[in-house]
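The structure appears right after this line, and notes come after that.
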Amino acid sequence: MQQTNRVRFAPSPTGFLHIGGARTALFNWLFAQATGGKFLLRIEDTDTERSESRFTEDILESLRWLGLKWDEEPVYQSHRFDRHREVAADLMKKGLAYRCECTPAQLDAVRAQCQADKKPFRYPGTCRNKQLTAEGTVIRVHVPNEGETSFTDIIRGPITFKNSEIDDWVILRGNQVPTYNFAVVIDDHDLKITHVLRGEDHINNTPKQILLYKQLGFSVPRFAHLPMILGQDKAKLSKRHGAASTLEYRGMGFLPIALINFLVRLGWSHGDQEIFTMAELKAFFAIDRINKANAVFSLDKLTWTGGKMMEIVTAAELFDYVNQYFADSVAFLNEYPRDQVEEGIRIIQAKVKNVLDLIEQLNCLFGADPVHDLGSLKPGEGPGIVQTLREVEPILAQSDFSKADLEAKLREYATGKGIKLTPVAQAVRFAVTGGKVSPGLFEMLAVQGKERVLRRVKAAAK
RNA sequence: GUCCCCAUAGUCUAGAGGCCUAGGACAACUCCCUUUCACGGAGUAGACACGGGUUCGAAUCCCGUUGGGGACACCA
């Protein structure tokens, strides 16, 4: 009987969920989906100073927006401190951990000395054999000096560290709050995590954790360290790299499926395929197809992916999406029947790159009448447009406003005048939108309807 | 500085020793389509970091160099 895979996404609420974290969550989620496993969420709020509930909210909302549903109740490490302390006490009892009374100032001095000597800093073991019992002191694990600790990373293969490179690190702070490396081991064990998929920046923590798993008699999970996502300057993603939160991409008008498609191709591939449906991702995702090299974030590629997804999603889905996340900016649609709005979406969606552009175009279809600023036109262009509109107005008045009839009548007019359709189309477009960019003219006019179009043409022809 | 990881075009990637005169995609440029903007179509330019091995044969394996990234806290 094959055991069920259990993975977790374990962000710390000390900042917004950036794009790298979002991809880590995505890969964990996809792995669970692809293998019929469970995807858990654990909030690593052991840094009581810097953790903030607004960050937790941001993380949860980001995951919800992306559709990465977690399978069990989220676990907060801060609710489990008693358990962590219990394990620390047990470790002390077994002589595998000890109290340390070195002050930060003393350690800083050692650190400075090491730096001066160009040697790596390691806790010198000052208190290792002091048998201190004072409450309120730090507790360290006793790490063996001899031997090596190695593991086989699913993505990278065997990785080995010399134990002598690892020092006796702190597991419980002076205030008796557990540190990250300590809490992870206990919580991953208690949650029966089978695979740990996390950023490459955790490779160095892994031997510390493995040593602890063994000291505690816990079985060690499998590890897969994902390549990082770097900023345009190829440095680790941080605040200065544009968007701080994944949610900002929602604000920019990207669909969640667009961000997912973009992120999944950073470090993972399935032949030459660039665009995937969710169903395809769930079917195709394989952990051994993840590559090792870091990837640079590209807004250009994301934008392209976003445009692709706008074409693939149905008008009905876009209607619902826009009303869910951009309710305020699409309030003007409420007076129209859903069918009509969806028809409008259909003629726009293939040409816009994101939801913001979609809304802008919807506004030109269904929003308030445009302002006709002749000054926005090229010099000398205005009079011709006004003239054309005056001549075209009676023609439009006779149309049944089907797409075909509108096109036939306007083409006939252009031919009769011995001119190309272009200036005629641009004149009407200007009248109807106040600008020079819009969906296809005839389908747009059909969607807008006779009354509105004639009103706008009259207004522009004044 | 020490340790760890990585290395195909500006960017994301395909490539598991001969299928590679290195394939796809984004971006760039050219042309076509066209009622605008997009889309779409056709093309152009652009890469196996370097040096040694191993092998009949290396983008693919090994070593070194260089380059990049990450970690070195009572942060995660």
Side-chain angles (χ1 to χ4, degrees), chain A residues 10-15 44-47 49-51 100 102-104 107-108 111 114-123 137-140 153 155-156 159-162 164-167 169-181 183-184 198-207 225 227-228 230 232 234-236 262 265-275 291-305 307-308 311 348 350-353 357 361 407 410-411 414 420-430 433 435-442 444:
Chain A
S12 70
T14 53
E44 311 243 314
D45 51 354
T46 54
D47 186 340
E49 299 280 304
R50 296 194 301 156
S51 292
C100 163
C102 296
T103 63
L107 294 172
D108 283 347
R111 200 169 288 126
C114 287
Q115 192 133 35
D117 297 345
K118 302 209 166 189
K119 284 195 296 199
F121 167 76
R122 249 163 237 130
Y123 175 71
T137 50
V138 141
I139 297 178
R140 292 178 184 273
D153 191 285
I155 296 171
R156 290 156 210 282
I159 299 177
T160 301
F161 290 84
K162 292 188 186 71
S164 59
E165 285 156 11
I166 306 167
D167 65 357
W169 49 284
V170 173
I171 58 174
L172 228 55
R173 302 171 167 94
N175 60 7
Q176 304 307 291
V177 170
T179 58
Y180 161 77
N181 279 304
V184 199
R198 58 182 12 168
E200 184 195 77
D201 48 342
H202 284 290
I203 291 182
N204 297 273
N205 289 323
T206 309
H225 289 95
M228 319 272 312
L230 309 177
Q232 303 276 347
K234 303 202 175 187
K236 191 179 182 180
F262 169 72
R265 289 287 289 104
L266 254 34
W268 179 83
S269 60
H270 182 75
D272 286 337
Q273 190 166 346
E274 293 287 345
I275 299 294
N291 58 202
K292 308 175 203 178
N294 295 165
V296 173
F297 179 90
S298 160
L299 191 57
D300 278 338
K301 181 79 179 283
L302 208 209
T303 302
W304 174 80
T305 309
K308 281 286 179 196
E311 297 173 37
I348 299 168
K351 23 192 323 135
V352 294
K353 299 236 183 261
D357 292 349
Q361 292 290 309
E407 175 156 11
L410 287 177
R411 282 195 187 277
K420 298 185 91 177
L421 182 61
T422 310
V424 180
Q426 282 303 75
V428 177
R429 193 186 313 282
F430 173 73
T433 70
K436 289 180 166 183
V437 178
S438 82
L441 184 68
F442 308 115
M444 171 171 65

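Note on naming: letters A, B, ... go to the chains in the order of the sequence lines (proteins, then strands), and numbering restarts at 1 for each one.
- Scanning for salt bridge (Lys or Arg N to Asp or Glu O under 4.0 Å) contacts around A/Lys436 gives A/Glu381, with sequence neighbours left out.
- For the P atom pair drawn from B/A59 and B/G18, the interatomic distance equals 11 Å after rounding to whole Å.
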Do any N or O atoms of the protein come closer than 3.5 Å to N or O atoms of nucleotides 15-19 of chain B, and which pairs are they?
unit_1	atom_1	unit_2	atom_2	d
B/G15	OP1	A/Arg289	NH1	3.0
B/G15	OP1	A/Arg289	NH2	3.4

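- B/G15 and B/A7 are spaced 15 Å apart, taking the C1' atom of each and rounding to whole Å.
- Atom CD of A/Gln426 is separated from atom C1' of B/C37 by 9 Å (rounded to the nearest Å).
- Positionally, the nearest nucleotide of RNA chain B for A/Gly440 lies more toward the 5' end than for the other of A/Thr14 and A/Gly440.
- For A/Tyr123, there are no ring-ring contact (aromatic ring centres under 6.0 Å, His included) partners at least two apart in sequence or on another chain.
- A/Arg111 has a side-chain polar atom (N or O) that falls below the 4.0 Å cut-off from OP1 or OP2 of B/C74.
- Residues that satisfy the salt bridge (Lys or Arg N to Asp or Glu O under 4.0 Å) test with A/Asp47, not counting sequence neighbours, are A/Arg50.
- No hydrogens or angles were tested; on distance alone, nothing pairs the side chain of A/Asn205 with the base of B/A71 as donor and acceptor under 3.5 Å.
- The nucleotide whose nearest atom lies closest to any side-chain atom of A/Ala295 is, among B/A76, B/U13, B/U36, B/U13.
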(message) Can you build the contact string for nucleotides 59-67 of chain B? Use B for base contact, S for sugar-phosphate-only contact, and - for no protein heavy atom under 4.0 Å.
(response) ---------

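- In this structure, A/Arg429 and A/Asn175 both approach RNA chain B, and ranking their closest nucleotides by distance from the 5' end singles out A/Arg429.
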Just the atom pairs and distances: protein N or O near nucleotides 2-6 of chain B's N or O, under 3.5 Å.
unit_1	atom_1	unit_2	atom_2	d
B/C3	O2'	A/Glu165	OE1	3.4
B/C5	O2'	A/Arg156	NH1	2.6
B/C5	O2'	A/Glu200	OE2	3.3

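- Within the structure, salt bridge (Lys or Arg N to Asp or Glu O under 4.0 Å) pairs that include any residue of residues 292-303 of chain A comprise A/Glu274-A/Lys301 (at least two apart or interchain).
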Would you tabulate the nitrogen or oxygen pairs shorter than 3.5 Å linking the protein to nucleotides 23-29 of chain B?
unit_1	atom_1	unit_2	atom_2	d
B/G23	N2	A/Asp272	OD1	2.9
B/G24	N2	A/Glu274	OE2	2.9
B/A25	O4'	A/Glu274	OE2	3.4
B/C26	OP1	A/Trp304	NE1	3.2
B/C26	O2'	A/Lys301	N	3.4

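- The same atom, C1', is picked in B/A58 and in B/G53; the two are 12 Å apart, to the nearest Å.
- Distances from the side chain of A/Val170 to the nucleotides B/A76, B/C74, B/U35 place B/C74 closest.
- A/Phe262 pairs by the ring-ring contact (aromatic ring centres under 6.0 Å, His included) definition with A/Phe297, not counting sequence neighbours.
- OP1 or OP2 of B/U35 lies within a sub-4.0 Å distance of a side-chain N or O belonging to A/Arg411.
- Here B/A73 presents its C1' atom at 15 Å from CG of A/Asp201, a figure rounded to the nearest Å.
- Within the 3.5 Å criterion, the main-chain N or O of A/Leu421 finds no donor-acceptor partner in the side chain of A/Arg411.
- If you take atom C1' in B/A71 and the same atom in B/C63, they sit 26 Å apart, rounded to whole Å.
- Looking at heavy-atom distances under 4.0 Å, A/His202 makes contact with a base.
- Listed by chain and number, the residues in a side-chain contact (heavy atoms from CB on, under 4.5 Å) with A/Ala183 are A/Thr46, A/Gln77, A/His84, A/Pro178, A/Asp187 (sequence neighbours excluded).
- Backbone-only engagement by A/Val296 is indicated by non-hydrogen atom pairs under 4.0 Å involving sugar-phosphate atoms exclusively.
- Taking A/Arg156 as the reference, A/Glu200 meet the salt bridge (Lys or Arg N to Asp or Glu O under 4.0 Å) condition, with sequence neighbours excluded.
- Residue contacts shown for A/Ser438 include a base, since a base heavy atom lies under 4.0 Å away.
- Take A/Gln273 and apply the side-chain contact (heavy atoms from CB on, under 4.5 Å) test, not counting sequence neighbours, and it matches A/His270, A/Phe276, A/Glu280, A/Phe284.
- Atom C1' of B/A14 sits at a distance of 23 Å from the matching atom of B/C5, rounded to the whole Å.
- If you measure from atom CZ of A/Phe297 to atom P of B/G68, you get 23 Å, rounded to the nearest angstrom.
- Using atom P as the reference point in both B/U8 and B/A47, the two lie 14 Å apart (nearest Å).
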